[in-house]
Amino acid sequence: MSIHTDYRSSMTASEFRSAIGHFASGVTIVMTSDGDTDFGTTASAVCSVSADPPMLLLCLNRGSDTGNAVSRTGILSINILGEDQGAVASRFSTKGKNRFEGVELVRDGSGAPTLADALSSLSCRVVDRVEAGTHTVFHCAVDSASVRDGAPLTYFRGRFGRFALPPSDELAGRIKSELSAYLGDVPVRVEELARHFDAQPAAIAEVITALAGTGFLRPGPERNGTYYVTEPGVSAHTPADRAVSYPNYPRRSHLDA
C-alpha cells in the first residue's frame, strides 16, 4: 500500500477544527529544560503506543517554543492534568507571560521538570520524530511515571471541563436515604449535595433527575435547578436540565497541540 505524502484536501482548517473539536481528550502540560531555561506548553494530542516497552506519541506545533526545545534536548515530561487544573492549562496555552511563575516543579536530575501536583507525570526521551503538516510528531520512550488519585481535566469543543462519572447505586441510595428526612420546604440543590457527598455535580444531577422522575422530588417554582422532597408516589413535573459539569474556565479556540 502506498502512502500519499503530498495531497490537498477540500476541507478548510476551520471546518477541520470544528469537526475534530467533537473528539473529547485529556489535557497535558509538556515540559522540558534547555540549559537554564524551562519550557512548557498545553497539549492534548498525546496517545499511548506501547506498554512493553512503554512508548507514546506527542504532537506539537512546529512554531511552538517548547516543541523546538524538545527537538533540541530530546527529553521531556508529559504531565496529565486533574479536573481542578483548568487555570494551569489556560496559563500554559497563552503566549507572552511567565508560565512558570508560582508553579511548583519537581526536578529529579533527568533534565525535564515535572508538575508537582499533576494527576500523572511521565518522564520521556524522544526516539524518533516526523514532520507532518503544521506539527512535529514525537515518538517517545517513557522512562518513569508518577500518579496520584483524582479525576482528569478534559477538553471538548474548545472548553476545559470535568469527566462525568456515572453515579453508583450506593451514592443514589445514600442521597435518597438522607433526603427522606426532609419534606416540603427544604430546597435540594445539586451544588450543595455535591459538596455534602463529595461527589461530582454531574453524578449528583443524574441521581436528582432520576428521583424526580419517580415523584420523590419535584422541581421548585424558582426554575433554577432547585428541587423539593415530596411524598412518595406524587407525580413530578418535567425535570429541570441536568447540571452543566464544565467549570467556568476560560474558553480556548484551540490548544498548542
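Each residue takes its place number in the sequence, starting with 1.
Side-chain contact between Ile175 and Phe197 is present, with heavy atoms from C-beta onward closer than 4.5 Å. Contact annotation: the side chain of Tyr228 never approaches that of Pro219 to less than 4.5 Å [non-hydrogen atoms, C-beta and beyond]. Counting heavy atoms from C-beta outward, Cys140 and Leu122 have side chains that stay 4.5 Å or more apart. In this structure, the side chains of Ile208 and Leu193 come closer than 4.5 Å at one or more pairs of heavy atoms.
With respect to Thr73, the side-chain hydrogen bond (donor to acceptor under 3.5 Å, both in side chains) criterion is satisfied by exactly one of Asp34, Thr32, Asn68: Thr32. Between Arg99 and the choices Thr41, Thr94, Thr42, the side-chain contact (heavy atoms from CB on, under 4.5 Å) rule is met once, by Thr41.
From Cys124, atom SG reaches atom CZ of Phe138 across 12.0 Å, with rounding to the nearest 0.5 Å. The CG atom of Leu76 sits 5.0 Å away from atom CD1 of Ile78, with the distance rounded to the nearest 0.5 Å. Annotation: the span from Leu153 atom CG to Ile29 atom CD1 amounts to 9.0 Å, rounded to 0.5 Å. Atom-to-atom distance recorded for Gln85:CD and Leu115:CG is 5.5 Å, nearest 0.5 angstrom. Remark: Arg189 CZ to Ile204 CD1 distance equals 15.0 Å, nearest 0.5 Å.
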Query - Phe92 vs Thr66, side chain to side chain contact (heavy atoms under 4.5 Å, CB included): CA-CA, chis, key distance, verdict - result: CA-CA 10 Å; Phe92 278 85; Thr66 301; over 6 Å; no

Query - Steps toward side chain to side chain contact (heavy atoms under 4.5 Å, CB included) verdict (Leu105, Phe100) - result: CA-CA 9 Å; Leu105 302 177; Phe100 288 91; 3.7 Å; yes

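Judged by distance alone, with hydrogens and angles left aside, the side-chain atoms of Arg72 form no donor-acceptor pair with the main-chain N or O of Gly67 at under 3.5 Å. Remark: side-chain polar atoms of Ser77 are paired, donor with acceptor, to backbone N or O of Pro113 under 3.5 angstrom. Checking side-chain atoms of Arg195 against main-chain N and O of Val190 turns up no donor-acceptor pair under 3.5 Å. For Ser50 (side chain) and Asp52 (main-chain N/O), a donor-acceptor pair under 3.5 Å exists by modelled atom type. Between the Arg218 side chain and the Tyr227 main chain, no donor and acceptor come within less than 3.5 Å of each other. Under the 3.5 Å distance criterion, the side-chain polar atoms of Ser177 are left unmatched by any main-chain donor or acceptor of Gly173. With hydrogens and angles ignored, the 3.5 Å screen pairs a side-chain donor or acceptor of Arg91 with a backbone N or O of Glu101. A donor-acceptor pair under 3.5 Å is absent between the side-chain atoms of Ser44 and the main chain of Val27, judged by distance alone.
Between Val229 and Leu179 the shortest heavy-atom distance is CG2-O, 3.6 Å. Residue Ala199 comes nearest to Leu171 through the heavy atom pair CB-CD2, 4.1 Å, listed as atom of the first residue, atom of the second, then distance. Residues Leu81 and Ala89 come closest through the heavy atom pair CD1-CB, 3.7 Å. Nearest approach of Ser71 to Arg129, heavy atoms of both residues: CB-NH1, 2.6 Å. The heavy-atom pair separating Cys59 from His135 by the smallest distance is C-CD2, 4.2 Å.
Among residues two or more places apart in sequence or in another chain, the salt bridge (charged side-chain N to carboxylate O under 4.0 Å, His left out) test is passed with Glu178 by none. Taking Glu170 as the reference, nothing meets the salt bridge (charged side-chain N to carboxylate O under 4.0 Å, His left out) condition, with sequence neighbours excluded.
Phe39 and Val30 are not part of a single hydrophobic cluster, where members link through side-chain heavy atoms under 4.5 Å apart. Neither Met31 nor Leu57 shares a network with the other; the hydrophobic side chains, linked directly or stepwise wherever heavy atoms of I, L, V, M, F, W or Y lie under 4.5 Å apart, form separate groups for each. Met55 and Val126 fall into different hydrophobic clusters, where Ile, Leu, Val, Met, Phe, Trp and Tyr are joined by side-chain heavy atoms under 4.5 Å apart, directly or via other members. One hydrophobic cluster, built from ILVMFWY side chains closer than 4.5 Å, cannot hold both Val137 and Leu56; they sit in different ones. Residues Ile75 and Leu58 fall into different hydrophobic clusters, defined by Ile, Leu, Val, Met, Phe, Trp and Tyr side chains chained together at heavy-atom separations under 4.5 Å.
For the residue pair Asn79 and Ser121, a side-chain donor N or O sits within less than 3.5 Å of a side-chain acceptor on the partner.
A salt bridge between Asp169 and Arg174 is absent, with no side-chain N of the basic residue lying under 4.0 Å from a carboxylate O of the acidic one.
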When the side chains of residues 142-150 are checked against the rest of the protein, which donor-acceptor pairs come out under 3.5 Å, sequence neighbours left out?
{"residue": "Asp143", "atom": "OD1", "partner": "Arg125", "partner atom": "NE", "Å": "3.0"}
{"residue": "Asp143", "atom": "OD1", "partner": "Arg125", "partner atom": "NH2", "Å": "3.0"}
{"residue": "Asp143", "atom": "OD2", "partner": "Arg125", "partner atom": "NE", "Å": "2.8"}
{"residue": "Arg148", "atom": "NE", "partner": "Asp117", "partner atom": "O", "Å": "3.0"}
{"residue": "Arg148", "atom": "NE", "partner": "Ala118", "partner atom": "O", "Å": "3.0"}
{"residue": "Arg148", "atom": "NH2", "partner": "Asp117", "partner atom": "O", "Å": "2.9"}

